[in-house]
*Asks:* 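Attaching a single structure in C-alpha cells format; questions to follow.
A, B, ... follow the sequence lines: proteins, then strands. Residue 1 opens every chain.
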Number of protein chains: 2
Amino acid sequence: MTFSVATIADAAVAPPPMTAPQPRAAETVTGRCAGCSARSKGLCGALTAGDLPDLSTTSRPLDLLSATPVVMEGEEALAVFTVMSGMLKLYKTLPDGRQQITGFATAGDVIGLAVGSVYAYTAETVTASTVCRMSRTALRRLMERHPAVQGRLLAMTSVELSAAQDQILLLGCKTAVERVSSFLLALSRRSRPLADGTPSAFLPMPKVDIGAYLGLRPETLSRVLRKLESAGAITRLTNDRIRIENPAALEAAA
Amino acid sequence: MTFSVATIADAAVAPPPMTAPQPRAAETVTGRCAGCSARSKGLCGALTAGDLPDLSTTSRPLDLLSATPVVMEGEEALAVFTVMSGMLKLYKTLPDGRQQITGFATAGDVIGLAVGSVYAYTAETVTASTVCRMSRTALRRLMERHPAVQGRLLAMTSVELSAAQDQILLLGCKTAVERVSSFLLALSRRSRPLADGTPSAFLPMPKVDIGAYLGLRPETLSRVLRKLESAGAITRLTNDRIRIENPAALEAAA
DNA sequence: GACCCGCCCTGATCTGGATCAACCGGACAC
DNA sequence: GTGTCCGGTTGATCCAGATCAGGGCGGGTC
C-alpha cells in the first residue's frame, strides 16, 4: 500500500512540539531560515545571510510524527528534504518484501536527491522529525543562482558515496561482531560523550532496523550485543543508549 | 607491499598496443583530446570542442598492463584518472587482508575522486588499459573555468551513489543465485548483444574478483553459474563470455 | 617435448548466522 | 484490574554458503 508523498506529508503533520522552530505571525519569511537550527548544515550552509530570502521563499518546514514516509521508492521525485531534527531511515525494498536500510539521516542530511525522475529509495521517520521541503525546480533554480550550492551538493554526495562504499565493505566482508562494532563506533563519533566523558551511542531506532542496516537478523544483533557486553566492551544503559566502555576493543573487533 | 602510484604508473607503461590512440608527431596537443575515443564520456563530455586546449594541456594518457595499480587506498590523492579503454577493479582492504571490490571501471568512468586528501580505495587494472591522468589542481581549475564540469561530476557521482546503494541491497539481502543473476543482467545491459541478437555478458576479470564483488567465494560462484546453465538461463561460451539464453528467468531470479 | 603455474571446477565437510519457537515485560485499551 | 500487542531476548535447530581438498586444463618457460 503506497501513498503519494504529498498526501502523507500533509496528513501526518504533528501537533507542534515545543522544540521545533515555530514561525510567529510577525516573523518574516527571511527570519524563518535565519533562525533555523540546521542553517549552517546541508545545502543551506553554502549560502550567506544575504541569500536567505531565496531560501525562505522556496522552502517549507514540516513537523512529522514517527513512522511517516517522506519519499517513496519509485514515486516521482518532486522535492528534496533537509532534515532539521529527528531521524529517518532510508531503505530499498525487493519485490518479495525484503528490505535493506541503506542509511539513517539526521540533522543536516538531505534526502530525496534522485538521479532520474523517481526516488531510488524510501525515507521514513523513525522518530518524530522536522524536515524542510524544497521543490526540485526550486533547487535547480537555487543552484543556477548560487553555484556554491552545487559545490556543496557535490561534496555531500561524495561523502555519501564514500560512506556507501564503507557499507559495501562491511556487508561484503565483515562478520556479525565486526559489523556491530563498526556501527557502534560510527554512532559514537556522531554522538556526544556521557557526562563522565566516556563515549556513548544513541540508538533511537528499533533493533530490527539496525539489523536491516547491518544485514543481520534482530536475534543475531541481540546475541552480539550481549557478547560485547559480557566482554566488557559496552554497557547497555537503556534500550536506546549504550556506553562504550572500551573503544579500543571495539576498534580491534571492527 | 605498497608502491607509490606515480612509480608504478610510470614503470608499467605498456608497449603501445595497436588499439590505443597514438599521438603522431605532427599531432597537436589539442588534437590528442579531439581524437580521444572517450571524449564524449566522463568529465570531458561536459566540454565543447572549443575547450579542448584546456584539456589537452592538463591531461596525459597512460597505457597500462594488466594488474597495475593506478591509485592506492590511503595514499595522497594527487590526481584523477579517466578510463579510456580496458577495465579496472576498485577495492577496499581490511587490515587482515580481506578485500571487497566496490566496482569495476570501464571507458568513461572517472577514478580517484577523493573526499579528503587520500584515496578511499585502490584501483587496479584487470586488463591492459588506457587511462588519462589529470592532476587534482588541474581538475579544480577546470571546474572553476567551466561550471558544466562540476555539474557533470555531480551527475556522475550521483549515479555512482545510486549504484552503490543497489550493491548494498544486493549484499545485504540477496542470495547467491540472486546476486549472480543481478550481476549478469547488469553486465549484459552494458555489453553488445551477440551476432544473432541474444544478449551476452563479457567477464574479463578472474572469477575470484567477481566473487569479491558479489560477496561470494569463487567456488560458490562456479556452482551458481553451473546451476543457471543447467536451468537453461545462460550458456558459457568461453571462459569470459556468457550468453544470456533467458533474460526473463534471470530477472525472476534477481 | 616436459614441467610448472594460475585459474577454474567439483566434491566433502563445516559453521556462522538464519530460522523457528517460546517467553518476558512494558505500553496501551478497555 | 485484565487482556493484548509489540519489541526484545533466549534457546534449539537448520541450512546456505564457506572452507578444505583434490583434480583438470591451458598457457608459459626451458
*Asks:* Taking A/Glu178 first and then B/Arg98, would you say they form a salt bridge - that is, a charged N and a carboxylate O separated by under 4.0 Å?
*Replies:* yes
*Asks:* What is the distance, rounded to the nearest whole Å, between atom CZ of A/Arg226 and atom P of C/dC24?
*Replies:*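 Checked: the CZ to P distance equals 15 Å.
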*Asks:* Answer yes if the side chains of A/Arg241 and A/Ser200 hold a donor-acceptor pair under 3.5 Å, and no otherwise.
*Replies:*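 Indeed, the side chains of A/Arg241 and A/Ser200 share at least one donor-acceptor pair under 3.5 Å.
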*Asks:* Under 4.0 Å from any atom of DNA chain C, heavy atoms only: list the residues of residues 231-246 of chain B that qualify, in numerical order.
*Replies:*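 Within this stretch, B/Arg236, B/Asn239 sit under 4.0 Å of the strand.
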*Asks:* In whole angstroms, how far is the P atom of C/dT10 from the NZ atom of B/Lys207?
*Replies:* 12 Å
*Asks:* Just to be sure I understand the rule, does B/Gly215 reach a base, reach only the sugar-phosphate, or reach nothing, if contact means heavy atoms closer than 4.0 Å?
*Replies:*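 The answer is sugar-phosphate, as B/Gly215 gets under 4.0 Å only of primed atoms, P, OP1 or OP2.
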*Asks:* Specify the separation, in whole Å, of atom CG of A/Leu214 and atom P of C/dG16.
*Replies:*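 Going from CG in A/Leu214 over to P in C/dG16 covers 19 Å.
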*Asks:* Check step by step if salt bridge (charged side-chain N to carboxylate O under 4.0 Å, His left out) holds for B/Asp240 and B/Lys207.
*Replies:* CA-CA 9 Å; B/Asp240 61 3; B/Lys207 296 276 175 290; over 6 Å; no
*Asks:* Taking atom P of D/dG7 as reference, at what distance in whole Å does atom CG of A/Leu203 sit?
*Replies:* 16 Å
*Asks:* Nearest whole angstrom, please: distance from the C1' of D/dG17 to the NZ of B/Lys174.
*Replies:* 18 Å
*Asks:* If you take all heavy atoms of B/Glu245 and B/Gly232, which pair is closest and at what distance?
*Replies:*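 Minimum heavy-atom contact is CB-O, 3.4 Å.
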*Asks:* Let me know the distance between CG of B/Asp209 and P of C/dC7, rounded to the nearest Å.
*Replies:* 9 Å
*Asks:* Counting only side-chain heavy atoms from C-beta out, which of C/dT10, C/dA18, D/dG7 sits nearest to A/Pro206?
*Replies:* D/dG7
*Asks:* Which atom pair, heavy atoms only, marks the closest approach of A/Leu170 to A/Ser182?
*Replies:*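 Shortest heavy-atom contact: CD1-CB, 3.9 Å.
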*Asks:* For B/Tyr91 and B/Glu124, test the side chains for any donor-to-acceptor distance below 3.5 angstrom and give the result as yes or no.
*Replies:*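 The criterion, which ignores hydrogens and geometry beyond distance, is satisfied for B/Glu124 and B/Tyr91.
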*Asks:* Measure CD1/B/Ile210 against P/C/dC7 and give the value in whole Å, please.
*Replies:*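 About 13 Å, once rounded to whole Å.
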*Asks:* Take nucleotides 19-25 of chain D nucleotide by nucleotide from the 5' end and write B, S or -, depending on whether a protein heavy atom sits under 4.0 Å from the base, only from the sugar-phosphate, or from neither.
*Replies:* BB-----
*Asks:* B/Thr93 versus B/Glu73: any side-chain heavy-atom pair under 4.5 Å?
*Replies:* yes
*Asks:* Would you kindly say whether B/Gln100 and B/Tyr213 are connected by a side-chain donor-acceptor distance under 3.5 Å?
*Replies:*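 No, B/Tyr213 and B/Gln100 have no side-chain donor paired with an acceptor closer than 3.5 Å.
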*Asks:* Looking only at heavy atoms, what is the nearest atom pair of B/Lys92 and A/Asp166, with distance?
*Replies:* NZ-OD1, 2.8 Å
*Asks:* How many Å lie between CE on A/Met205 and P on D/dG8, as a whole number?
*Replies:*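 Nearest whole value for this atom pair: 11 Å.
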